[in-house]
J.: 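Just dropping this structure here.
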Amino acid sequence: MKIARDTRDTLFLLATITAVLAPHAAQLPVWASGISALVLAWRAWLAWKQQPLPGRWLLSFVLIVVSALIFLNYRSFLNRDAGITLLAMLMALKTLELHAKRDAFVVFFLGFFLVLTQFFYSQSLPTALWMLAVVWALLTALVLAQMPVGQPSLELAARQAARVTAYGLPAMVLLYLLFPRIAPLWGLPTESIGHTGLSNQLVFGAMSEIANDDSIALRVRFTGAIPPPNDRYFRGPVLSRFDGRSWRALDTPRLLANVQPQGTPWHYEMTLEPLRINVLPLLETSDGNTGSTRYIGPYQFRRAAELQWVSPTPITERLRFDALAYPANTAGTNQTAASLAPNLALPAGLNPRTLAWAKALRARSDFANLDETALPPALAQAVLRHIATADFTYTLAPGRYGDTTPNLIDEFWFDRRLGFCEHFASAFVFIMRAMDVPARIVTGFQGMDAEPQDGWWIVRSSNAHAWAEYWVPGRGWLRADPTAAIAPGRILQGLALRPEPSAFEQFSPAIGAVWPSIRRAWEAVDNRWQQLVLNYSRQDQFDLLKSMGISQPDWLALGRLSAVVIGVIAVIGGAITQWQQRPHSAWARQRKRLLRLMQQLNIPAGETESPLRWAARVKARYGEAGAPLAALLMALEHSRYAADGKPQSWRERLRWWREVRAAGRMLRTQ
């Protein structure tokens, strides 16, 4: 069945609009996505059945209802999400009044604008590829609208759209490379999917939820030496307050006076995903004194007492920066009893058996003669030995704690003895505090993938980890990782959390074995996209100018070069426009020149007339003097229209045109 052109073009446009709106479904309210789907389906049915479009009164009513819903949902029309929702609804509703080409153009340009708004939420490679396909479809629909005659195929319109896009590609690349990165006109949008499971709160047993999340949290690339496995700790939120079930960060962390780094530093570069936490997860011994400030992108980070780089706002953009990390440091040696009090607090009335066990350990005779500097490390080693030698089991499926008792530490330490990093770290910190040793939980990431990709080491969300720190007079805070005592492979090999194999993996071991290779290949491509495109920065622009011979690149040099490029593009665009307006066939160009010559000789000549008519008029006006030019025109007539005529070669056309100009000059002199 042959479909009418209007129906086909309308259905194609509706499919394109659906592709434009589909990625926005994750951000639009459910009612907005539902109404859009219903409107587009109704419009497709009307096009298929060739039914008339609804009247303006119905459209006006629907628009009022939609506007009211948007205002009730967002309490405004001016913020970003409300504006995008309004544009999406307007685009869907506009399809119900496609009466003229002007209405179609409104839909086209709303579509182009909504394509751009998708990058507010994600700039991933799949999003970019999808948006590229959508733009191609929109351009194809636009080309179809400019072909009013006949029934041109979609393939023909798609090829024309691709050709036009290819013409603009060099200009797009040049402007991308040189357009100044000036905030807020240029910047990465807030990503909608960034998460790691890390926060300023840790619920007992909750970290196992991120074992299934293999998404990339950050990438690091080292210049020179790489830290050994037991130094690959990326420090995140530090948690000191414990209520018996959850650990939380202090509301007002105190600043310490100084941090003293030790050893030869490791130099590294980090690309950080939008983690939606306000702590920069650097290698645990990264440089910087407490109180010092560091600016990365739009964020201001300050080094706090817990040795973290903290921002007032969560990280919602992808960041790329350089840093240093030292093998060790000394911090917190000057803390007072008042500042250490939160790191000694225990919830009242909970975990009596663990408290008794800790007091018995502290009362052992081998600890009686140790001074205040040697005692905390000795107690810590005793607790770690107990974890390593008792019948504890490291597992990501320990079951839920606290269903039958509020004493979660007692249940873990004595009854079930099943857990993973946060269970062991929580019990360790609780016991150290019970022995009057200040201690706290540190969360972050530990370890990296076994092999780098394009020189970048990948740290995943499943590398999330929890460890402990305890305080020693004169030495400050020392790290203790109870997980290393029960599961040393988790630390020494940097292994990420791994859940039990899924039913699909058990059913198809071959696919389960191939999947990691497929994932690594895709991540390598995605890393190239991020490093070469998304992370192309102002400094990269200045480096490009240096490679072009500009010794001291700055904003002025970049602006001048951009202006030159824009000017060259404008000139080339004008030249192409002029070239497109000229006749493209040899005969058309030849006819245009002959018409000018006839005009100069005051001989009437019509554009639709043949050279035979022009030759007769030349003879009539100039007689024998015009015979050479008339003969040349007759030769042209014969080559074009005679049965035995042959088209002129380019050499013959050039020689013929020289003779025509010579004959014309001779006649003008008479």
J.: Has Gln446 got a side-chain atom pairing as donor or acceptor with Pro229's backbone, closer than 3.5 angstrom?
T.: yes
J.: For residues Ile566 and Leu174, determine if any side-chain heavy atom of one lies less than 4.5 Å from a side-chain heavy atom of the other.
T.: no
J.: Contact between Met172 and Pro170 at the side-chain level, heavy atoms closer than 4.5 Å - yes or no?
T.: no
J.: Backbone N or O of Arg591 within a donor-acceptor pair of the Arg596 side chain at under 3.5 Å?
T.: no
J.: Side chains of Gln160 and Arg163: donor-acceptor distance under 3.5 Å anywhere?
T.: yes
J.: Around atom CD of Gln146, are there more than 12 heavy atoms from other residues, nucleotides or ligands closer than 6.0 Å?
T.: yes
J.: Begin with the C-alpha distance, continue with both residues' side-chain angles, and end with the deciding distance and a verdict on side-chain contact (heavy atoms from CB on, under 4.5 Å) for Arg8 and Leu11.
T.: CA-CA 5 Å; Arg8 184 205 66 180; Leu11 292 176; 6.0 Å; no
J.: Side-chain donor-acceptor pair under 3.5 Å between Gln308 and Arg303, yes or no?
T.: no
J.: Provide the closest heavy-atom pair for Tyr299 versus Pro314 in the form atom of the first, atom of the second, distance.
T.: CE2-O, 3.3 Å
J.: Run through Tyr295, Phe321, Trp309 and flag the one making a side-chain contact (heavy atoms from CB on, under 4.5 Å) with Phe301.
T.: Trp309
J.: Answer yes or no: are there more than 12 heavy-atom neighbours, outside Arg159 itself, under 6.0 Å from its atom CZ?
T.: yes
J.: Can you confirm whether Gln599 is buried at CD, in the sense that more than 12 heavy atoms of other residues, nucleotides or ligands lie under 6.0 Å from that atom?
T.: no
J.: Would you say Trp657 has more than 12 foreign heavy atoms packed within less than 6.0 Å of its CH2?
T.: yes
J.: On a heavy-atom basis, which atom in Ile277 and which in Pro237 lie closest, and how many Å separate them?
T.: CD1-CD, 4.4 Å
J.: Just by modelled atom types, is the Phe234 backbone N or O under 3.5 Å from a matching donor or acceptor in the His465 side chain?
T.: no
J.: Please confirm whether the backbone N or O of Ile226 pairs with a side-chain atom of Tyr268, one donor and one acceptor, at under 3.5 Å?
T.: no
J.: Is the closest side-chain heavy-atom distance between Thr117 and Val115 below 4.5 Å?
T.: no
J.: Give a yes or no on whether the backbone of Ala158 and the side-chain of Trp136 come within a donor-acceptor separation of less than 3.5 Å.
T.: yes
J.: Okay, side chain of Asp231, backbone of Pro228: is any donor-acceptor separation there less than 3.5 Å?
T.: no
J.: Walk me through whether Ile458 and Met448 qualify under side-chain contact (heavy atoms from CB on, under 4.5 Å).
T.: CA-CA 6 Å; Ile458 293 178; Met448 305 177 292; over 6 Å; no
J.: Between Val310 and Arg302, does a side-chain contact (heavy atoms from CB on, under 4.5 Å) hold up when you go through it step by step?
T.: CA-CA 5 Å; Val310 181; Arg302 195 178 186 193; 5.7 Å; no
J.: Can Val442 and Arg235 be said to form a side-chain contact (heavy atoms from CB on, under 4.5 Å), step by step?
T.: CA-CA 7 Å; Val442 184; Arg235 190 181 189 85; 4.0 Å; yes
J.: Could you report the tightest heavy-atom contact between Met89 and Ser36, atom names first, then the distance?
T.: SD-OG, 3.4 Å
J.: Count the heavy atoms of every other residue, nucleotide or ligand shown that sit under 6.0 Å from CZ of Phe105, and state whether that count exceeds 12.
T.: yes
J.: Is the NZ or CZ atom of Arg232 positioned over Trp457's six-membered ring, under 6.0 angstrom from the centre and within 45° of the axis?
T.: yes
J.: Would you tell me whether Tyr74 and Thr85 have side-chain atoms, one donor and one acceptor, within less than 3.5 Å of each other?
T.: yes
J.: If you take all heavy atoms of Ala88 and Leu21, which pair is closest and at what distance?
T.: CB-CD2, 3.7 Å
J.: Would you confirm whether Arg43, through its side chain, and Thr95, through its main-chain N or O, come within 3.5 Å as a donor-acceptor pair?
T.: yes
J.: Give the minimum heavy-atom separation between Trp130 and Ala19, together with the two atoms involved.
T.: NE1-O, 3.1 Å
J.: For Leu272 and Ala217, work out which heavy atoms get closest and say how close.
T.: CD1-O, 3.8 Å
